[in-house]
Amino acid sequence: MKNLAIITGAAGGLGKAFTKYLIDEVDEVWAIGRNKEKLNSLKEALGVKIKGYSIDLSDIANLDLIKSELDKEEYTVKYLVNNAGSGRMAPSTDFSAQEISSHINTHSTSMAALCNICISYMKSGSHIINVASQSAFQPVAYINLYAASKAFCCSYSRALNMELKESGIVVTVACPGWIKTDLLQTEMNGYKIKFPHLAEPDDVAAKTIKDAKKGRDISVYSTYVKVMQLFSKFYPHKLIMNIWLKSVKKYME
Ligand SMILES: NC(=O)c1ccc[n+]([C@@H]2O[C@H](COP(=O)([O-])OP(=O)(O)OC[C@H]3O[C@@H](n4cnc5c(N)ncnc54)[C@H](OP(=O)(O)O)[C@@H]3O)[C@@H](O)[C@H]2O)c1
């Protein structure tokens, strides 16, 4: 029986950090991403335990490959980390139907479908870690699609954790703030975009794994994001949305 970690977006900033931390706990890491070169570099950096799968998660039919690979040998999925994601800051009307569908499929549909595929190969002590975002706490204008799909991820993960309680499988949703990775746009319409309280991917991954092992259903990195989470619980969302709107409006002009 081989122990597996299946990590989506494994060659990206946060995904690579998760991979580095989990690789010693398993026999194989199935690293999922679209870019083959990035997956090859990950394997070169972290070694033979890495098996790269070049899969576009915006098309859920592509998940059939993972299901058929899992049926080839006796596997236990010890960790599933649904981490793949992308996004851009723009007015909602800027997004084509294709981009809307791709976002929702990657952040929501594939995330939920991959949970269902992997749960049959999990046992007590296995972990699902789904990466949402601080933007899941309330609606966020100009990253609307991103935030709305992350809100789905957050809500879905917490309810799934309740459903799986008796099985001993823990589901943890990570809701970090800004992280220093390639996902962040550095410039827009001639403005340099500022991101407050930027976190290091290694620190976010370490905290998420620690919280998952404690059995927590949600992991929030940094005091700043915890304060923001409290704000979104106790202050009217309209107020928080307006503060955000004022801080990003200039980038849209
Ligand atoms: N950076 C932040 O400020 C921040 C804050 C909160 C939450 N997050 C979340 O953290 C997660 C990791 O993002 P990151 O910051 O590490 O960004 P990143 O460095 O750009 O990594 C994202 C990874 O996701 C993969 N990916 C994207 N779309 C995919 C698709 N359709 N199919 C397969 N793989 C796909 C990319 O692989 P390819 O390059 O091969 O396509 C890439 O490896 C995301 O879910 C993101 O929403 C990030």
Side-chain angles (χ1 to χ4, degrees), residues 6-21 29-43 45-46 50 52-63 65-66 80-89 98-114 128-137 140 143-154 156-157 172-186 193-205 207-209 218-222 224-225 228-229:
I6 299 180
I7 304 177
T8 72
L14 186 58
K16 192 169 179 182
F18 276 120
T19 309
K20 276 192 307 190
Y21 285 123
V29 175
W30 292 7
I32 297 176
R34 290 170 297 192
N35 186 313
K36 273 189 189 156
E37 279 172 22
K38 277 168 69 181
L39 291 171
N40 288 339
S41 308
L42 184 75
K43 192 176 173 122
L46 297 181
I50 304 281
Y53 288 91
S54 174
I55 289 176
D56 185 348
L57 295 166
S58 68
D59 181 353
I60 54 162
N62 292 334
L63 291 177
L65 173 67
I66 298 300
L80 166 64
V81 185
N82 275 304
N83 160 77
S86 60
R88 64 187 179 95
M89 205 183 274
Q98 175 58 39
E99 203 174 347
I100 293 169
S101 147
S102 166
H103 251 78
I104 294 173
N105 277 346
T106 306
H107 292 164
S108 308
T109 320
S110 277
M111 176 277 296
L114 198 51
I128 296 174
I129 295 174
N130 291 331
V131 179
S133 153
Q134 171 192 345
S135 66
F137 298 148
V140 191
I143 48 169
N144 186 7
L145 181 58
Y146 178 85
S149 58
K150 292 297 188 180
F152 174 95
C153 174
C154 185
Y156 188 90
S157 304
T172 306
V173 61
C175 294
W178 306 115
I179 312 166
K180 257 185 237 167
T181 69
D182 291 346
L183 184 128
L184 296 183
Q185 260 163 278
T186 50
I193 304 180
K194 287 183 192 143
F195 297 100
H197 303 273
L198 258 184
E200 292 294 335
D202 278 3
D203 295 338
V204 175
K207 161 84 172 141
T208 306
I209 293 168
I218 185 162
S219 174
V220 178
Y221 177 79
S222 90
Y224 170 75
V225 183
M228 290 299 155
Q229 184 190 20

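What you see below is based on every heavy atom in this structure, not just the backbone, and it leaves out hydrogens, waters and symmetry mates. Both ligands and their constituent atoms are indexed starting at 1 by order of listing.
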Within this structure, what is the [atom1]-[atom2] distance for the pair [X] and [Y], rounded to the nearest 0.5 Å?
X: L80; Y: T8; atom1: CG; atom2: OG1; result: 7.5 Å
X: I129; Y: I7; atom1: CD1; atom2: CD1; result: 8.5 Å
X: I66; Y: S110; atom1: CD1; atom2: OG; result: 10.5 Å
X: C175; Y: M228; atom1: SG; atom2: CE; result: 14.5 Å
X: M111; Y: H107; atom1: CE; atom2: NE2; result: 10.0 Å

Might you confirm whether atom CD of E37 has over 12 heavy atoms from other residues, nucleotides or ligands at distances under 6.0 Å? no
Is atom CG of L46 surrounded by more than 12 heavy atoms (other residues, nucleotides or ligands) closer than 6.0 Å? yes
Does the side chain of V131 reach to within under 4.5 Å of the side chain of L14, using non-hydrogen atoms? yes
Just so I know, are the side chains of Y146 and M89 near enough to count as touching, which here means a heavy-atom distance under 4.5 Å? no
Check ligand 1 against [X] and write out every atom of the ligand that is under 4.0 Å from a heavy-atom position of the residue.
X: W178; answer: 3 (O)
X: S58; answer: 31 (N)
X: I55; answer: 32 (N), 33 (C)
X: P176; answer: 6 (C), 7 (C)
X: G9; answer: 23 (C), 24 (O), 25 (C), 43 (O)
X: G12; answer: 19 (O), 21 (O), 43 (O)
X: V131; answer: 9 (C), 10 (O), 11 (C)
X: S133; answer: 6 (C), 7 (C)

Residue and atom name of the nearest protein heavy atom (relative to [atom]), distance in Å to one decimal:
atom: atom 40 (O) of ligand 1; value: N35 N, 2.7 Å
atom: atom 18 (P) of ligand 1; value: G13 N, 4.0 Å
atom: atom 41 (O) of ligand 1; value: R34 NE, 2.6 Å
atom: atom 39 (O) of ligand 1; value: K38 NZ, 2.5 Å
atom: atom 20 (O) of ligand 1; value: L183 N, 3.6 Å
atom: atom 1 (N) of ligand 1; value: T181 OG1, 3.0 Å
atom: atom 26 (N) of ligand 1; value: A84 CB, 3.7 Å
atom: atom 31 (N) of ligand 1; value: D56 OD1, 2.9 Å

What part of [X] sits under 4.0 Å from ligand 1 if we count only heavy atoms: the side chain, the backbone, both or neither?
X: Y146; value: side chain
X: K150; value: side chain
X: K180; value: neither
X: A132; value: backbone

If you measure every N or O of [X] against every N or O of ligand 1, does any of those distances drop under 3.5 Å?
X: S86; value: no
X: L57; value: yes
X: G85; value: yes

Quick test of your reading of the structure: of N83, L14, I179, whose heavy atom lies closest to atom 11 (C) of ligand 1? N83
Check the side chains of N62 and D56 for a donor-acceptor pair under 3.5 angstrom, ignoring hydrogens and angles. no
Over 60° means perpendicular and under 30° means parallel, so classify the ring planes of Y156 and F152, tilted if in between. parallel
Could you establish whether G177 and ligand 1 come within less than 4.0 Å of each other, counting only heavy atoms on the residue side? yes
Is the closest heavy-atom distance from T8 to ligand 1 below 4.0 Å? no
Using the salt bridge (Lys or Arg N to Asp or Glu O under 4.0 Å) criterion, which residues pair with K207? Sequence neighbours excluded. D211
Per-pair distances, 0.1 Å, donor-acceptor, side chain in residues 194-201, under 3.5 Å, sequence neighbours excluded:
unit_1, atom_1, unit_2, atom_2, d
E200, OE2, K180, NZ, 2.6

